[in-house]
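Shown next, in structure tokens, is the structure this report addresses.
Worth knowing before you read on, the calculation uses all heavy atoms, side chains too, and leaves out hydrogens, waters and symmetry mates. What you see is a predicted model, and the numbers here were worked out from it, not measured in a lab.
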Amino acid sequence: MRKKLFILLLMTSAVAMAQTVNLSSHNGRLDVMVENNGGLATYAVYYDDVKVMESSRLGFEADFGDFTQGLKMGEYKMQFNDATYVGQHTKTVVNAIRYTVPFTNAKGQKMSVIFYLTNNGVAYRYEIPRPGENPKCGVIRREVSSFNFPEGTSTFLCPQIGPMTGWERTKPSYEEDYKADAPMTDRSRFGQGYTFPCLFRVPIETSEKALKAGASPNAWVLVSEIGVDGSYVGSHLSDYSPENGYTIAFPQAGENNGNGTPYAGIPLPYTTPWRTIIVGASLKPIVENRHILPSLSPKYMPEEPYKIGRYTWSWLVWQDESINYDDQVQFIDLAAKMGFEFCLVDNWWDQRIGRDKIEELSKYAQSKGVSLMLWYNSNGYENDAPQTPRDCMSTAIARDKEMAWLQKIGVKGIKVDFFGGDKQQTMQLYEDILYDAFRYGLQVIFHGCTVPRGWGMMYPNFVASEAVLASENVYFSEGHAKTEAFELCLHPFIRNAMEPMDWGGTIMNKYLSRDNKSRHKRYTTDIFEMAVSITTRTTIQCIAMQPNNLDELPQFELDFLRQVPTLWHETRFLDGYPGKYVVLARRNVDDWYVAGLNAESQPKTLTITMKEWAGRTVDYYVDDAKTKEPQLKQLKFDKKGQAKVTIQPMGGIILK
């Protein structure tokens, strides 16, 4: 019935008067039902005629008007938004449709909900005109935008933590533990809801016959937001409620040490960021989501492309004691011998090395074909983190002076750490740092920070954010070392599916110590760690080797790490389940790589299909079944492009 309505609308210029309207994707598999239920604006999402999202609220409350109730729906319009993306050796045509659904509130004020539908994606945002001559500005105090899933849905979520908590009052830093396959009814660990992106598995009633024929018993849904800049707040999801499911939650009042409001101050007219929903009968569209969601225009463009590549990082294993001139020379030399492009010098460099010696160190690095990246504290009033350099990134005047010096001495990137939350003023700080860095040719990595929200498209010099329980915790805690495989088998489906992630290290030491003999061990295999350099997506990748690894690792491991790409022109999801295992294929120019990780306690035997390799023999990096020692073998694919592989527990595979 819904698809018939869609065809009728196409024949009548897609304009109609109704209190219930159906919006459909180009192929008709994805539908959004928008309704006015007694003055409440709602939407529901269907995929292949199965409801994957129940009736969910739309609307917001502002200081100039209430758009949460007493609404009337007006005429809606449809506009084709097809786009062609031409990449290296690829041409992708995206059949998108844009719908504008207008509403009027009880005071006669107007707003529209803009829906953007592709075959596997829904995005929506609010378009707010100026109510009259005045006001010309406003404050959005809350959104009622919600995501209400059917009963029995399970969740893969990271909890939001309270403000000014944790070490030196640096949280929220988006570094909490995920909980996999949890019931919706579970309360979040800290009672503050959940961090974007949020993954949901929706059960589907499917006959036994259909299951045998290959039908999926689940739909998968990834919810997030994109297009957030300094003109709005960063949001997260509330805890679940039976009435509305999960609702958009604004920042907590206590963030930034209580400074600033948790609301969004906006000019009028204004268009809010996109709320995004990726839907599939499998995890494939979630992992491969490029071009499923609206594209965002870059806010500025560099005159020439930025350098990408790999970096060495002493701090992960050698810690603060390594922030001295001689140790950094060792890691620059390591980068040079491995053909890596960068070396990151971490906190305290201004005190432990000094600015004059940093200039000398940068000159030495450049003589070796390596560029330095330097660490900074975002500082200000948000937290008590003591690490220096401080007071260099929090104001425009300080940034201008510091970044001019960085450009002068040849530094190519900065890593800025310890931010205070998601209030609008912090979103403005992120944007200001990025733009000022752009003016001085610097690329930026953020740590101790919020989740990026479309920033890879919006800011050309944005590299990645941490915003995850990253590799430093493998060093700090044996407990986290034991869960490393679980975490890295989650991120391709959730955190890293949406935005670049600085995990911070393909760790090649057997033990988390400088002598590689003491402290706790690494529980993953060498091949697992090498495969992480492929499954983790960022254009500047940390290969956290130590100088001793040059003499300890097999030659074939060193050769692989020397040439592993960090730019991928295509990604293909082959197999996996969040938190258990993942197998991805990625293409760099003409070269395909397949990487697999296994977080389970038993070996995982799978059939890999790569039609490009039909009848070919490829390199097969694999762990020995008994010793777990790394091996380089050859693997023959049959005429159909299929081959069997086995991934050992806490192990990995690489095919190339």
Side-chain angles (χ1 to χ4, degrees), residues 164 166-173 175 256-257 259 311-332 342-365 371-421 426 429-430 432-434 436-437 440 442-450 463 465-466 470-473 475-476 502 504 542:
M164 306 300 290
W167 181 80
E168 297 286 6
R169 302 196 298 166
T170 54
K171 295 194 174 187
S173 54
E175 298 175 22
N256 290 359
N257 208 6
N259 287 280
Y311 69 89
T312 55
W313 183 32
S314 71
W315 185 87
L316 180 63
V317 175
W318 290 16
Q319 292 286 295
D320 289 349
E321 290 72 22
S322 69
I323 310 303
N324 61 73
Y325 189 92
D326 291 340
D327 280 355
Q328 294 309 307
V329 164
Q330 289 193 60
F331 278 83
I332 290 168
F342 304 95
C343 176
L344 171 63
V345 185
D346 216 275
N347 58 190
W348 304 115
W349 58 261
D350 59 326
Q351 294 189 28
R352 293 170 176 251
I353 299 175
R355 289 179 175 270
D356 290 344
K357 293 292 282 184
I358 279 288
E359 291 193 27
E360 185 181 318
L361 191 68
S362 181
K363 202 173 290 184
Y364 175 78
S371 297
L372 290 190
M373 300 191 296
L374 296 184
W375 184 98
Y376 285 88
N377 191 331
S378 79
N379 53 56
Y381 49 78
E382 300 94 34
N383 56 61
D384 299 320
Q387 287 91 334
T388 64
R390 294 174 56 91
D391 306 318
C392 300
M393 293 291 144
S394 55
T395 68
I397 294 172
R399 284 192 299 272
D400 193 69
K401 178 182 178 182
E402 188 72 11
M403 291 176 179
W405 174 71
L406 291 172
Q407 184 183 56
K408 176 186 172 184
I409 68 171
V411 170
K412 294 300 182 183
I414 56 175
K415 171 181 168 182
V416 189
D417 209 339
F418 302 130
F419 289 83
T426 310
L429 178 60
Y430 286 118
D432 290 346
I433 290 172
L434 284 162
D436 286 346
Y440 288 101
L442 299 167
Q443 298 187 82
V444 181
I445 297 171
F446 292 122
H447 268 229
C449 58
T450 193
V463 175
S465 290
E466 184 184 31
S471 61
E472 62 192 41
N473 293 281
Y475 173 87
F476 292 143
D502 190 53
C542 179

Flag if over 12 foreign heavy atoms under 6.0 Å of NZ, Lys171:
yes
Assess, by modelled atom type and distance only, whether the side chains of [X] and [Y] contain a donor and an acceptor separated by less than 3.5 Å.
{"X": "Tyr325", "Y": "Glu360", "answer": "yes"}
{"X": "Trp405", "Y": "Glu359", "answer": "yes"}
{"X": "Ser314", "Y": "Asp327", "answer": "no"}

Sequence neighbours excluded, the answer for salt bridge (Lys or Arg N to Asp or Glu O under 4.0 Å) partners of Glu402 is Arg355
Does [X] use its side chain to pair, donor to acceptor, with the backbone of [Y] at less than 3.5 Å?
{"X": "Glu466", "Y": "Gly448", "value": "yes"}
{"X": "Gln387", "Y": "Asn377", "value": "no"}
{"X": "Asn473", "Y": "Ala470", "value": "yes"}

Where [X] and [Y] come nearest, the two heavy atoms and their spacing:
{"X": "Gly413", "Y": "Leu442", "answer": "N-CD2, 3.9 Å"}
{"X": "Asn256", "Y": "Glu382", "answer": "OD1-CG, 3.7 Å"}
{"X": "Ile433", "Y": "Arg399", "answer": "CG1-CD, 3.9 Å"}
{"X": "Gly504", "Y": "Tyr311", "answer": "CA-OH, 4.4 Å"}
{"X": "Cys542", "Y": "Trp313", "answer": "SG-CE3, 3.8 Å"}
{"X": "Gly420", "Y": "Thr426", "answer": "N-CG2, 4.3 Å"}

Working to the nearest 0.5 angstrom, can you tell me the gap between [X] [atom1] and [Y] [atom2]?
{"X": "Ile397", "Y": "Asp436", "atom1": "CD1", "atom2": "CG", "value": "11.0 Å"}
{"X": "Ile409", "Y": "Leu372", "atom1": "CD1", "atom2": "CG", "value": "7.0 Å"}
{"X": "Leu344", "Y": "Thr312", "atom1": "CG", "atom2": "OG1", "value": "8.0 Å"}

| Does the ring center of Trp349 lie less than 6.0 Å from the ring center of Tyr376? | yes
Does a salt bridge link Lys415 with Asp346, judged by any charged N lying under 4.0 Å from a carboxylate O? yes
For Arg352, the side chain to side chain contact (heavy atoms under 4.5 Å, CB included) test, sequence neighbours excluded, returns Asp320, Ile323, Trp348
Using the ring of each side chain (for Trp, its six-membered ring), is Phe419 parallel, tilted or perpendicular to Phe446, with breaks at 30° and 60°?
perpendicular
